[in-house]
Asks: 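If you scroll down you'll find the structure; I have some questions about it.
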There are 2 protein chains.
Amino acid sequence: MNRTAKGSRVTIADVARRAGVSAGAVSFALNDRPGVAEPTRRRILDAAAELNWTPNARAKSLSQSKAFALGLVIARRPELLGADPFFPSFIAGVETVLAEAGQSLVLNMVATPAIEQETYRRLSADGRVDGVFVTDLRAGDERIALLAELALPAVTLGRPDVTSPHPAVCLDDAHGVAAAVRALIERGHRHIGHVGGPLTFLHSRSRRRAWAEELATAGLPANLGAVADFTAAGGAQATVQLLRRRPRPTALVYGNDVMAIAGIAVAQQHQLRVPADLSIVGFDDITLAEHLHPPLSSVRTDPFGWGQAATRVLLELIAGESPPDLELPAAAAVLRESIGDCPGQPTRKRSPRVKEKT
Amino acid sequence: MNRTAKGSRVTIADVARRAGVSAGAVSFALNDRPGVAEPTRRRILDAAAELNWTPNARAKSLSQSKAFALGLVIARRPELLGADPFFPSFIAGVETVLAEAGQSLVLNMVATPAIEQETYRRLSADGRVDGVFVTDLRAGDERIALLAELALPAVTLGRPDVTSPHPAVCLDDAHGVAAAVRALIERGHRHIGHVGGPLTFLHSRSRRRAWAEELATAGLPANLGAVADFTAAGGAQATVQLLRRRPRPTALVYGNDVMAIAGIAVAQQHQLRVPADLSIVGFDDITLAEHLHPPLSSVRTDPFGWGQAATRVLLELIAGESPPDLELPAAAAVLRESIGDCPGQPTRKRSPRVKEKT
DNA sequence: TTGTAAGCGTTATCAA
DNA sequence: TTGATAACGCTTACAA
């Protein structure tokens, strides 16, 4: 801890005294702004280095009316987060950009949307953050209007279904799902089911829509849809129900990998072989996916890059610019051995080990 | 956004004016401290409520020289975090305590221990946090001394192997591992392997030691140990190597569930049935564990409770108290169908579906 | 019980 | 190019 002889923390005044200048000069020199002679600047920077002084973030915050921090409010039950690869990677991406900007991330995990609202209000009223990320967009999301009302800069991950004044950073997840469904159709599957997440989430909707539309394009009915809650238990239960339907699906597409893995287990309990009797596709492409038996086909997004991009946009917004919406490279299907030809439906030979970068 | 007619943010002065008192009085009333008459207090609180005023956290921070925030620095590659259930639950526990204390969590994810040190220094120098959590303790952990030098209040998760001035909040993970190994021995297993995490981590060490000691107690050699990196790929590779050993292990205990699941896949690729030919035990008890086929035996800890406890201790420490070390309930083995009797070694019949709460 | 004024450590505004 | 001086919005001695 850097302290002066008197035992108090080193302040800008100490540096100024040592360099023989005023505090204002130190401030100017440190934020390299014009109006300070080169020799003086040197002297000041040397003094700062000798005293090992860094401007106090709290004081800076007060005088500049800025928090130098961004907020991320996550509204999920923790058991849902445990196996979700999105946030860790997303946050890692955020951090890389934030670190070089000398800013911090304030994280808030809340259990319910009600507390979520309150959290945004408090974050804003307290002035703890300069802006926030809005993730897991919901249908008619009230946060859009709330944040506008609070005049709290925000960036949304994806485009809301309501009019929004906030810049959006988008990553098309539908594309990868569509590619996966196409791959299944190519392999002769005609009864392709879908186990999605709650349809309150826009990302759940777009993934399901991609599934339905791809089937429609192929002239197939999208009548094997189930909604689960992204948990292993929910995925298992939905799988059981879909496997009871007749004609039984020969392929199942899931809203995330956790549900897909639980689905594989259910299939095996039902004496169904994957992929011989049932093909499975997940979403997220968690690292575990390719180390399962059989390796799980999935759809890969780029949460890390998403975090970086969203952070840059948010920082620009806070800096007073008007960043346009941003579209990141779409999610891609990663096809592995969990999918195969439709049983009893001979099609042309093809290797499933193709990574479609479409 | 709460603004006065003049367009500026509502401050304590506005409230004071409206209530016809001084700013000091407002401060006293709000922090309910003695020395303000009841009717006055009422008037002040009413005025504050009408103006929808909340004290600005930045100003409070500066005047009190406190950040009202705690720091969590995570040094892990993001792909390692993706499937790790610990941090989401831990953070959720932290948040529950922090929220009611009106404080925030500042999260820092870094890639390497070098940046880690720098991060702690910056956090301290900038005064962004009042204290930090130290997770993933390592052998001879330099952070212990660093934080002492920085005079930054800290709480360690577990007890360091170096002298530490920081309070420790401990959860004995060895207990559950030992119970799981005992369960395997009871089922007749004599060749029980272990795939642990990097031995730089104290938790990796204690889990491995528990395995070795339990074997020693039974008069069995602990000669089937492998070290991996907590990833699926690493777990798979270590499993391959252990399965090459002769005599081949009939049971494998893992340092986390991800490696264990990858291990099951490797076994299946080797035409080994789980548990008929090979018993498997993981660690963490992720929610997916019981929805696998076969359901995965694991060791359950309580990251949520750990987060709550550590936060309380850290807040006490920051408040100037000297909280003692805290020991939480030990981890418990959760036995499921992934373990069974040793092949070719008839033992007494017993159901594996026993949750040992030892 | 209440008001006044001095911090907290910066940045920003003006004279000099 | 520099140095006072006033914000920033709150807490807290100290007077009244």
Side-chain angles (χ1 to χ4, degrees), chain A residues 1-4 6-44 47-48 51-68 102 124-128 130, chain B residues 1-4 6-44 47-48 51-68 102 124-128 130:
Chain A
M1 198 155 195
N2 307 312
R3 300 186 167 288
T4 58
K6 292 192 304 253
S8 53
R9 204 183 235 98
V10 176
T11 75
I12 198 171
D14 299 311
V15 178
R17 200 173 311 119
R18 185 175 189 109
V21 295
S22 72
V26 176
S27 175
F28 270 59
L30 209 82
N31 302 306
D32 34 37
R33 291 156 52 140
V36 45
E38 194 45 41
T40 317
R41 173 189 308 279
R42 267 251 69 78
R43 202 148 33 90
I44 292 172
L51 292 174
N52 199 9
W53 171 82
T54 298
N56 180 298
R58 299 195 276 253
K60 253 171 74 166
S61 280
L62 183 58
S63 76
Q64 304 210 116
S65 295
K66 286 190 55 182
F68 299 104
S124 167
D126 291 358
R128 268 200 204 272
D130 301 318
Chain B
M1 195 154 195
N2 309 311
R3 300 185 166 288
T4 59
K6 291 193 305 252
S8 53
R9 203 183 235 98
V10 175
T11 75
I12 197 172
D14 299 312
V15 178
R17 199 173 311 121
R18 186 177 189 108
V21 296
S22 72
V26 175
S27 175
F28 270 60
L30 210 82
N31 301 307
D32 36 38
R33 292 157 53 138
V36 44
E38 195 45 42
T40 318
R41 174 188 307 279
R42 268 251 68 80
R43 202 148 32 90
I44 293 173
L51 292 173
N52 198 8
W53 172 82
T54 298
N56 179 298
R58 298 195 276 253
K60 254 171 72 165
S61 278
L62 183 59
S63 72
Q64 304 210 109
S65 295
K66 284 190 57 180
F68 301 103
S124 167
D126 292 358
R128 268 202 206 271
D130 301 318

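Note that the structure is a prediction, hence the values are computed from the model and not measured. Because only heavy atoms are used, hydrogens play no part in the values below, and waters and symmetry mates are left out as well, while side chains stay in. Numbered from 1 within each chain, the chains take letters A, B, ... in sequence-line order.
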Asks: Which residues pass the side-chain contact (heavy atoms from CB on, under 4.5 Å) test with Ala23(B), not counting sequence neighbours?
Replies: Ile12(B)

Asks: Looking at Asp14(B) and Val10(B), what are the two nearest heavy atoms and their distance?
Replies: OD2-CA, 3.4 Å

Asks: Specify the angle, to 10°, made by the local axes at the two ends of the helix from dT1(C)-dA16(D) to dA16(C)-dT1(D) when five pairs are taken at each end.
Replies: 50°

Asks: Check each residue of residues 23-38 of chain B for a non-hydrogen atom within less than 4.0 Å of any atom in DNA chain C, then write out the ones that pass by number, or none.
Replies: Gly35(B), Val36(B), Ala37(B)

Asks: Classify Gly20(B) by what it touches in the nucleic acid, base, sugar-phosphate, or nothing, heavy-atom distance under 4.0 Å.
Replies: sugar-phosphate

Asks: Is the shortest side-chain heavy-atom distance between Asn56(A) and Thr11(A) below 4.5 Å?
Replies: no

Asks: Supply the atom-to-atom distance Asp130(A) CG to Ser65(A) OG, rounded to the nearest 0.5 angstrom.
Replies: 10.0 Å

Asks: Heavy atoms under 4.0 Å, any strand shown: does Thr40(A) hit a base, just sugar-phosphate, or nothing?
Replies: sugar-phosphate

Asks: Over all heavy atoms of both residues, which pair between Gly127(B) and Ala67(B) is shortest? Give the atoms and the distance, please.
Replies: O-CB, 3.5 Å

Asks: Looking only at non-hydrogen atoms, find the nearest pair between Ala47(A) and Ala19(A) and report the distance.
Replies: CB-CB, 4.0 Å

Asks: Can you pull the contact range of chain A along DNA chain C, 5' to 3', using atoms under 4.0 angstrom from its heavy atoms?
Replies: dG9(C) to dT13(C)

Asks: Enumerate the salt bridge (Lys or Arg N to Asp or Glu O under 4.0 Å) contacts for residues 21-40 of chain B, please, sequence neighbours excluded, ordered by first and then second residue.
Replies: Glu38(B)-Arg41(B)

Asks: For Arg18(A), enumerate each residue passing the side-chain hydrogen bond (donor to acceptor under 3.5 Å, both in side chains) test, keeping only those at least two apart in sequence or located in another chain.
Replies: Glu50(A)

Asks: Looking at every heavy atom in both Arg128(B) and Ala57(A), which two are closest together, and how far apart are they?
Replies: CG-CB, 4.3 Å

Asks: Tell me which one of Val21(A), Leu51(A), Leu30(A) satisfies side chain to side chain contact (heavy atoms under 4.5 Å, CB included) with Val15(A).
Replies: Leu51(A)

Asks: Under a 4.5 Å cut-off applied to non-hydrogen side-chain atoms, are Phe68(A) and Asp126(B) in contact?
Replies: no

Asks: Just to verify, what does Arg58(B) make a side-chain hydrogen bond (donor to acceptor under 3.5 Å, both in side chains) with, not counting sequence neighbours?
Replies: none

Asks: Could you list where the contact with chain B starts and ends along DNA chain D, reading 5' to 3', using a 4.0 Å heavy-atom cut-off?
Replies: dG9(D) to dT12(D)

